[in-house]
Amino acid sequence: MEFLSRAILTRSESTQILCEMSQIDESTLDIQQTEDGVLGRLFVFSSTSPQTAISIKKYEDVTVGRGNANTYQLIQSTASYRHFRVYSVLVDDDMDPLVYCQDLSSNGTFLNHCLIGKGNVVLLSDGDILDVRHCASFLYQQKNITDDDYHHEYDGEEFSITHRLLGTGGFSRIYMAIENKTGRQYACKIIEKRKVSSSRFYDDHEVSILKKLNHPNIVHVAMDYNSESQFFIFEELVTGGDLFSYLTKMGTVPEVTCLFIMYQLLQALGYLHSQNIAHRDLKLENILIVSSSDSVFRIILTDFGVARCMENGKRMSTFVGTMEYTAPEVRDLKGRSRRCKELNMGYGKEVDIWSLGIIMYLLLSGNSPVFSTDGNIVFEDAIWKTISRQAKDLISSFLQKIPTERPTVEEALQHPWFFRHKSRLDKLYRTRILKRPSL
Ligand SMILES: Nc1ncnc2c1ncn2[C@@H]1O[C@H](COP(=O)(O)OP(=O)(O)OP(=O)(O)O)[C@@H](O)[C@H]1O
């Protein structure tokens, strides 16, 4: 498939061409003048209708196509009923909104003259041009926040790292990068070595684990690069944001959506655990969504910064992870001396199962878990009255204080919450995830 088959034109060049062509009043392009809640604008240029602008607002999809239910209607017969969709993902207020365009058409939507391709998604940046050939062009404008921390030592030839910040973590900043040969968009994780030296074992720890893995629900690494003080991981760009942003937008996640998310998480975790790898930092922020246009979407597990390969079944004894998601046996290690940790039997892969329980609780209720004084999970909020008994039973089993009492991945998949939908879930996974990885 032709996917952004040649390098994207430089932005200023594209904008200039379009402005000249259409002789637009450049003052209308001043994004500073936009009203509240507007993340960006699409300026429409068409020979059949007057110049107009479409506002891109938080959590509101914009669709363009022939159908009259679209935000902007195209009249030409070469346009698809829904030609493309523009949607936003909000990570946090300090970052530029991430506005994506998904091509839904048969005849193609072009980004800066390169075909996006049906089903594919691209991140839009200020000055980009979307084109529906023989129908209309759309100039995208958004207000950019200056990223003072943008700095990198990458001087390889394969990629150009842009200023578009996709996310930040304790150890790294993630930017959009363009593969120079193909124009294809990637995510580039820039890890500051000085931040990781004490808490991670060696510079390329994360990538050495990721390179061993090949699974539809685990992030795919394209290339890595090492400089004096930074480490770079170029990986597939995942375009639906993370589960944290999704939950913020939704408030709570419907049980049926949660079922398929948890099913996929267990597929990824089953694969990891079968190779004796523990992730150790499962949380909403580390689960990315490919594209969430309907309730069935692919999720991708990321951030293997503290993942650990347990040789010969050895147990682990370092305190790692994110407090809210951390199993009690890991929390108990905090502040203990090394000797004391060694005497303790350490912990195993069951820590990931605990985190799954926290994730499932958060998704279904939108709130942090509440435990009774004897350490049992409680389902107090009114929302739990609307959730099935099987879902609550599975959460309780994930959140058992004694690690060996938690189910393994295989046992969890046999739980009635999954098992009574087994054939449908298996089929959905086969048809929507394995056969259509762009979903
Ligand atoms: N491949 C990707 N595509 C799109 N966005 C991404 C990608 N990888 C990471 N992100 C975004 O960046 C954020 C931080 O990434 P990540 O968790 O890998 O960083 P980190 O420094 O390891 O974080 P932590 O402090 O949790 O260890 C994610 O929550 C997500 O929003």
Side-chain angles (χ1 to χ4, degrees), residues 87-100 120-125 147 149-150 159 161-162 164-179 184-201 203-207 209-210 213 215-224 230-249 268 279-292 297-308 318-326 355 358-359 362 437-438:
Y87 64 92
S88 62
V89 171
L90 291 173
V91 183
D92 67 54
D93 293 343
D94 302 336
M95 275 175 53
D96 289 330
L98 300 175
V99 176
Y100 291 98
N120 291 330
V121 180
V122 286
L123 178 65
L124 297 181
S125 297
D147 176 18
D149 294 320
Y150 176 82
F159 290 93
I161 302 173
T162 73
R164 295 306 307 281
L165 190 62
L166 302 172
T168 54
F171 305 100
S172 58
R173 295 175 79 73
I174 291 91
Y175 292 94
M176 195 253 277
I178 310 268
E179 189 180 34
R184 198 176 174 151
Q185 298 177 338
Y186 281 82
C188 172
K189 182 165 180 172
I190 307 181
I191 303 166
E192 295 295 334
K193 291 184 181 176
R194 67 188 154 80
K195 288 194 185 166
V196 294
S197 51
S198 58
S199 37
R200 299 193 192 194
F201 308 110
D203 291 341
D204 64 350
H205 170 78
E206 181 166 358
V207 87
I209 290 204
L210 276 171
L213 307 174
H215 191 275
N217 298 115
I218 294 178
V219 73
H220 172 74
V221 173
M223 199 190 87
D224 58 292
Q230 292 177 326
F231 196 76
F232 300 77
I233 305 176
F234 295 92
E235 52 189 44
E236 68 182 294
L237 172 68
V238 188
T239 52
D242 57 38
L243 267 190
F244 186 87
S245 315
Y246 182 71
L247 185 61
T248 311
K249 171 179 158 187
H279 185 281
R280 302 201 295 176
D281 198 15
L282 292 177
K283 57 180 173 181
L284 294 175
E285 293 89 330
N286 289 341
I287 302 162
L288 306 178
I289 298 174
V290 172
S291 166
S292 59
F297 49 77
R298 184 160 75 106
I299 54 117
I300 304 254
L301 193 54
T302 183
D303 194 357
F304 283 67
V306 293
R308 173 87 180 268
T318 349
F319 176 84
V320 290
T322 304
M323 206 53 176
E324 202 186 355
Y325 295 82
T326 307
S355 308
I358 305 283
I359 289 168
L362 285 165
S438 67

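The structure presented is a predicted model; accordingly, all values stated were derived computationally and were not measured. Numbers for residues simply follow the sequence, beginning at 1. Note that ligands are numbered from 1 as they come in the structure, with each ligand's atoms numbered from 1 the same way.
Judged by the shortest distance from any of its heavy atoms, Lys283 lies inside the 4.0 Å radius around the atoms of ligand 1.
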Exercise. Stepwise, does the salt bridge (charged side-chain N to carboxylate O under 4.0 Å, His left out) test hold for Lys189 with Asp303?
Worked result: CA-CA 10 Å; Lys189 182 165 180 172; Asp303 194 357; 3.5 Å; yes

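Nearest residue to atom 10 (N) of ligand 1 from Asp281, Ile174, Leu98 is Ile174 (criterion: closest heavy atom).
Of all atoms in ligand 1, numbered sequentially from 1 with element shown, those under 4.0 Å from a heavy atom of Asn286 are 17 (O). Each of the following atoms of ligand 1 lies closer than 4.0 Å to a heavy atom of Glu235: 1 (N), 2 (C), 7 (C), 8 (N). Here is the list of ligand 1 atoms found below 4.0 Å of a heavy atom in Ala187: 1 (N), 2 (C), 3 (N). Here is the list of ligand 1 atoms found below 4.0 Å of a heavy atom in Glu285: 28 (C), 29 (O).
Between the Asn217 side chain and the Ile299 main chain, a donor and an acceptor come within less than 3.5 Å of each other.
Checked by distance only, ligand 1 and Glu206 stay at 3.5 Å or farther apart across all their nitrogen or oxygen atoms.
With sequence neighbours left out, the side-chain contact (heavy atoms from CB on, under 4.5 Å) criterion links Ser355 to Leu282, Tyr325. Here Val221 pairs with Val207, Leu210, Ile233 under the side-chain contact (heavy atoms from CB on, under 4.5 Å) rule; sequence neighbours left out.
Contact annotation for Leu288 and ligand 1: only side-chain heavy atoms (C-beta onward) come within less than 4.0 Å of the ligand. Under 4.0 angstrom from ligand 1, there are no non-hydrogen atoms of Ile300.
Taking each heavy atom of Pro97 and Arg164 in turn, the nearest pair found is O-NH2, 3.2 Å. Nearest approach of Thr302 to His279, heavy atoms of both residues: O-NE2, 2.9 Å.
Centroid-to-centroid, the aromatic rings of Phe159 and Phe234 come within less than 6.0 Å.
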